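Here is the structure we will look at, set down as structure tokens.
Just so we're clear, the structure is a prediction, and the values are computed from it rather than from any experiment. Convention: sequence-line order gives letters A, B, ...; per-chain numbering from 1.
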Amino acid sequence: MEENKTVKQTNFIREIIDEHLKTNKYEGKVHTRFPPEPNGYLHIGHAKSICLNFGIAEDYNGLCNLRFDDTNPAKEDVEYVDSIREDIRWLGFDWGDREYFASDYFDKLYEYAVELIKKGKAYVDHLSPDEIREYRGTPTQPGKNSPYRERTVEENLELFEKMKNGEFNEGDCILRAKIDMSSPNINMRDPAIYRIKKATHHRTGDKWVIYPMYDFAHGLSDSIEGITHSLCTLEFENHRPLYDWFLDELNVFHPQQIEFARLNLTFTVLSKRKLLKLVNEKYVDGWDDPRMPTISGFRRRGYTPESIRNFADKIGVAKRDSVVDFALLEHSIREDLNKRAQRVMGVLNPLKITITNYPKNQTEELEAINNPEDETMGKRLVPFSRELYIERDDFQETPHRKFHRLAPGREVRLRYAYIIKCEEVIKDEQGNVIELLCSYDPETKSGSPNANRKVKGTIHWVSAHHAIDAEVRLYDRLFSEEFPEADKEKDFTEFINPNSLEILKNCKVEPFLKDAKPGDRVQFERKGYFCVDTKSADENNLVFNRTVTLRDSWQKLLKKG
RNA sequence: UGCCCUGUGGUGUAAUUGGCAACACGUCUGACUCUGGAUCAGAAGUCUCCAGGUUCGAGUCCUGGCAGGGCAGCCA
């Protein structure tokens with residue numbers, strides 16, 4: 001028997017690693033890390049990076065660390081640390097006891113800085129922030145040396161010590177690497193290594209008033225942890241020479257930084273700043289709003305970790321920036337839920353029907369299949385009676401030419417039950433259809449020998465007396481534009497889909513759902529995949545979130561006209 | 001107008017490292033169906049950004065263009 005395991009596609013990163021393995025650059029070791037800054041919630045773009053880093057470690061029998069890049073106390077918070085841990089765990093990855101913080105290395109990093117000063121490779125600069133910017137030059141013009149650049153080692157040592165001891169104010173001075181103010185790479189124009197920030201750090205408290213900059217802290221943290229392959233996004237490409245410079249000057253273990261393109265997704269935005277705006281300005285209901293592209297949002301929406309991991313595999317990794325079709329994500333979740341989700345009948349917009357020739361007060365228990373894709377999930381009984389609810393749009397008074405569900409005088413099968421015929425349409429004074437009177441054909445009960453008469457359509461239903469009330473939240477894409485950030489004149493919030501959430505209050509679902517627990521996922525047949533909301537649902541109040549619709553060739557047909 | 005990176009069907013990735021372009025999503029047909037779902041069968045769509053060059057042979061190598069992205073935080 002052939003293993004039908006999905007073959008992991010190779011990519012340029014794996015090729016580099018293979019090469020390193022061949023040349024024994026890191027003695028056969030592969031050690032990665034996922035290094036979030038705890039200043040926001042993780043989103044699907046981070047999921048790509050998480051899957052990449054943990055996935056590679058796993059495939060190469062290596063390890064992947066979790067390291068919080070917490071070098072800026074002004075922006076970071078423990079709330080984010082907690083959410084990040086939860087999200088990674090939920091995705092199914094385990095960093096064992098290798099949970100680190102850049103702040104764990106502050107002492108070591110300070111020593112490294114001192115070492116650089118001693119080598120004459122760093123100096124304390126008293127230029128103001130404005131002056132520094134001025135001295136830096138521009139991409140096309142070289143910068144010029146700071147007047148403080150030639151301070152002696154002793155002077156720098158003393159000044160840096162004073163910085164550490166809080167003898168200067170924020171902005172008075174910084175520690176800079178001494179590299180080359182005329183470098184075509186701006187990152188090499190004497191970049192800042194340490195700045196003064198008199199803020200309380202979420203872990204080190206008030207121990208420090210100086211904090212290392214990303215470029216300094218990140219590479220050295222990688223080095224300290226013995227990271228072999230430091231994967232990051234494209235915007236750090238120009239930082240690699242600096243990453244290498246620190247490691248070389250300090251003569252320490254030298255990881256290989258490799259850059260890849262960050263994820264972009266149609267119909268969504270994925271920048272922390274913009275996501276924060278959506279949250280702060282209440283366009284959505286928090287970081288875990290089911291419309292948010294955050295991991296917590298997808299979780300609450302009903303996405304499975306597996307579907308997100310499969311998605312990450314499918315999109316691959318490369319260096320060119322690209323935009324992934326949101327449909328691929330939807331495909332991933334449908335593919336997963338199709339195999340696993342319990343089928344159930346739920347009527348979202350109920351229309352009452354009465355089977356006039358069905359005995360009053362009679363109830364039948366009809367057998368229904370829990371998942372046609374998975375026999376082991378078995379069957380259940382669904383109560384049937386004289387009064388039922390069907391979906392409003394499964395009836396058309398004057399049917400579209402290709403509509404093959406219920407219409408006056410027409411027949412349709414009630415799933416797992418009988419074929420019925422619409423005999424009479426009852427309307428209120430305004431002319432709204434409020435009820436249908438139907439007849440049923442007792443010979444056509446599902447499973448019985450004479451049941452095989454063909455009708456054009458099968459619809460779902462729920463017994464009026466047995467139904468459970470539920471609220472259903474129909475979520476759709478948050479943005480109505482494929483590229484919400486493309487318009488330079490308009491803010492991306494102008495493209496928020498006004499119909500991204502529709503709340504249905506009096507839905508009727510089959511009694512099977514009476515024991516549904518928050519987080520449970522089901523398929524409402526013919527409608528889509530739904531999950532019980534984890535925040536607003538309780539025992540007397542069932543709330544379902546729509547994860548994704550089923551593929552709908554009827555809607556497609558309608559669009560074509 | 002400096003430096004760095006990237007250009008392969010509509011979209012995302014492949015191509016045994018120089019051997020006549022593949023997979024997935026999407027789209028379209030058809031079959032099947034007690035979910036207009038799923039499944040199955042099939043189709044269309046890329047002369048690999050352009051122009052030269054090397055070679056028996058180039059998406060892969062060379063040269064020159066063009067296009068897109070990134071970089072001037074005491075953010076990461």
Side-chain angles (χ1 to χ4, degrees), chain A residues 7 9-11 15 35-37 39 69 71-72 74-76 125 127-129 132-134 136-143 170-176 183-189 191-197 210-211 213-215 217-218 232-241 259 261 266 272 313-332 334-335 338-339 343 345 368-369 372-373 402-405 412-417 419 444 446-447 451-452 454-460 523-528 549-557:
Chain A
V7 186
Q9 263 193 178
T10 184
N11 59 51
E15 276 173 20
E37 184 190 12
N39 70 341
D69 226 325
T71 56
N72 186 355
K75 292 187 175 176
E76 296 148 7
D125 194 347
L127 248 27
S128 71
I132 286 190
R133 192 180 318 119
E134 214 180 297
R136 184 156 36 224
T138 70
T140 51
Q141 294 163 280
E170 287 186 19
D172 284 355
C173 54
I174 57 170
L175 182 72
R176 303 178 73 176
S183 170
N185 182 343
I186 292 176
N187 294 305
M188 301 300 271
R189 318 239 263 231
I193 299 177
Y194 265 93
R195 79 292 211 183
I196 299 168
K197 258 187 201 299
I210 57 172
Y211 291 92
M213 298 291 292
Y214 166 85
D215 283 309
H218 192 84
C232 63
T233 43
L234 252 29
E235 67 269 28
F236 294 105
E237 225 158 8
N238 292 337
H239 294 240
R240 186 169 6 110
E259 311 84 15
T266 56
K272 274 189 187 172
D313 277 346
K314 277 186 255 214
I315 59 177
V317 205
K319 291 200 75 153
R320 75 177 107 150
D321 5 47
S322 54
V323 188
V324 174
D325 194 338
F326 199 86
L328 186 59
L329 222 204
E330 295 184 330
H331 170 262
S332 302
R334 284 194 189 106
E335 185 182 44
N338 175 49
K339 287 182 298 193
R343 267 58 166 180
M345 291 195 283
I369 294 166
E373 307 295 319
K402 291 197 170 168
F403 184 77
H404 43 240
R405 281 113 74 175
V412 77
R413 167 164 298 276
L414 294 180
R415 171 137 245 227
Y416 298 124
I419 291 173
T444 59
S446 292
N452 291 329
K454 294 284 182 232
V455 284
K456 276 193 283 184
T458 299
I459 65 173
H460 59 97
Q523 181 197 99
F524 285 153
E525 293 212 25
R526 308 205 308 127
K527 286 281 133 188
T549 62
L550 256 25
R551 279 180 76 243
D552 192 342
S553 50
W554 168 243
Q555 285 303 322
K556 209 176 279 180
L557 192 153

Would you indicate what [X] reaches in the nucleic acid, counting non-hydrogen atoms under 4.0 angstrom: base, sugar-phosphate, or nothing?
X      : result
A:I132 : base
A:S183 : nothing
A:T138 : base
A:L175 : nothing

Tell me the interatomic distance from [X], atom [atom1], to [N], atom [atom2], rounded to whole angstroms.
X      : N     : atom1 : atom2 : value
A:L234 : B:G69 : CG    : C1'   : 8 Å
A:D321 : B:G70 : CG    : C1'   : 8 Å
A:E335 : B:A24 : CD    : P     : 11 Å
A:E373 : B:G37 : CD    : C1'   : 9 Å
A:K75  : B:C75 : NZ    : P     : 7 Å
A:D325 : B:G26 : CG    : P     : 8 Å
A:L557 : B:C28 : CG    : C1'   : 13 Å
A:I196 : B:C74 : CD1   : P     : 14 Å

Using Watson-Crick or G-U wobble pairs with both distances under 3.5 Å, give me RNA chain B in dot-bracket, 5' to 3', with [ ] for crossers and | for pairs to another strand.
.((((((..((((.....[..)))).(((((.......))))).....(((((..]....))))))))))).....
Using a cut-off of strictly less than 4.0 Å, decide whether [X] has a side-chain nitrogen or oxygen near OP1 or OP2 of [N].
X      : N     : result
A:T71  : B:A76 : yes
A:R136 : B:G73 : yes
A:T458 : B:U33 : no
A:R343 : B:U35 : no
A:R413 : B:U35 : no
A:R320 : B:U11 : no
A:H331 : B:C25 : yes

Any donor-acceptor pair under 3.5 Å linking the side chain of [X] with the backbone of [Y]?
X      : Y      : answer
A:R189 : A:T138 : yes
A:R334 : A:T549 : yes
A:R413 : A:T444 : yes
A:E76  : A:N72  : yes
A:T266 : A:F326 : yes
A:Y214 : A:T71  : no

For a quick check, tell me whether the side chain of A:H404 and the base of B:G36 share a donor-acceptor pair closer than 3.5 Å.
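It does, because a donor-acceptor pair links the side chain of A:H404 to the base of B:G36 below 3.5 Å.
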Between the side-chain atoms of A:R405 and the base atoms of B:G36, is any donor-acceptor pair under 3.5 Å?
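Present.
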Considering only atom [atom1], compute the distance from [N] to [M] and round it to an integer number of Å.
N     : M     : atom1 : answer
B:C71 : B:U16 : C1'   : 38 Å
B:A58 : B:A67 : C1'   : 22 Å
B:G19 : B:C25 : C1'   : 30 Å
B:U55 : B:U46 : P     : 32 Å
B:G57 : B:A43 : P     : 33 Å
B:U63 : B:G70 : P     : 27 Å
B:C40 : B:G26 : P     : 13 Å
B:G69 : B:C49 : C1'   : 15 Å

Among [options], which nucleotide sits nearest the side chain of [X]?
X      : options             : result
A:R551 : B:G37, B:C4, B:A76  : B:G37
A:K556 : B:A76, B:U27, B:C3  : B:U27
A:E15  : B:A15, B:C71, B:A24 : B:A15
A:F236 : B:C25, B:A76, B:U13 : B:A76
A:E37  : B:C75, B:G37, B:C5  : B:C75
A:W554 : B:G7, B:U35, B:G36  : B:G36
A:N11  : B:C71, B:U35, B:A14 : B:A14
A:S553 : B:G70, B:G37, B:C25 : B:G37
A:P184 : B:G36, B:G2, B:C74  : B:G2
A:P139 : B:G12, B:A72, B:U6  : B:A72

Side chain to side chain contact (heavy atoms under 4.5 Å, CB included) involving [X] - partner list, sequence neighbours excluded:
X      : answer
A:A417 : A:L366, A:F384, A:L414, A:W461
A:M188 : A:I179, A:S183, A:N185, A:P241, A:L242, A:W245
A:H239 : A:N187, A:D215, A:F236
A:R320 : none

If the glycosidic angle sits within 90 degrees of zero it is syn, else anti. Tell me which applies to B:U17.
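Here B:U17 takes the syn form, which means its glycosidic angle is within 90° of 0.
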Classify the glycosidic conformation of B:G73 as syn or anti, calling it syn when the angle lies within 90° of 0.
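Nucleotide B:G73 adopts syn.
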Could I get the full list of salt bridge (Lys or Arg N to Asp or Glu O under 4.0 Å) partners for A:K339, not counting sequence neighbours?
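In terms of salt bridge (Lys or Arg N to Asp or Glu O under 4.0 Å), with neighbours along the sequence ignored, A:K339 is linked to no residue.
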Which residue lies toward the 5' end of RNA chain B, A:N238 or A:R195, if each is placed at its nearest nucleotide?
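So the residue in question is A:N238.
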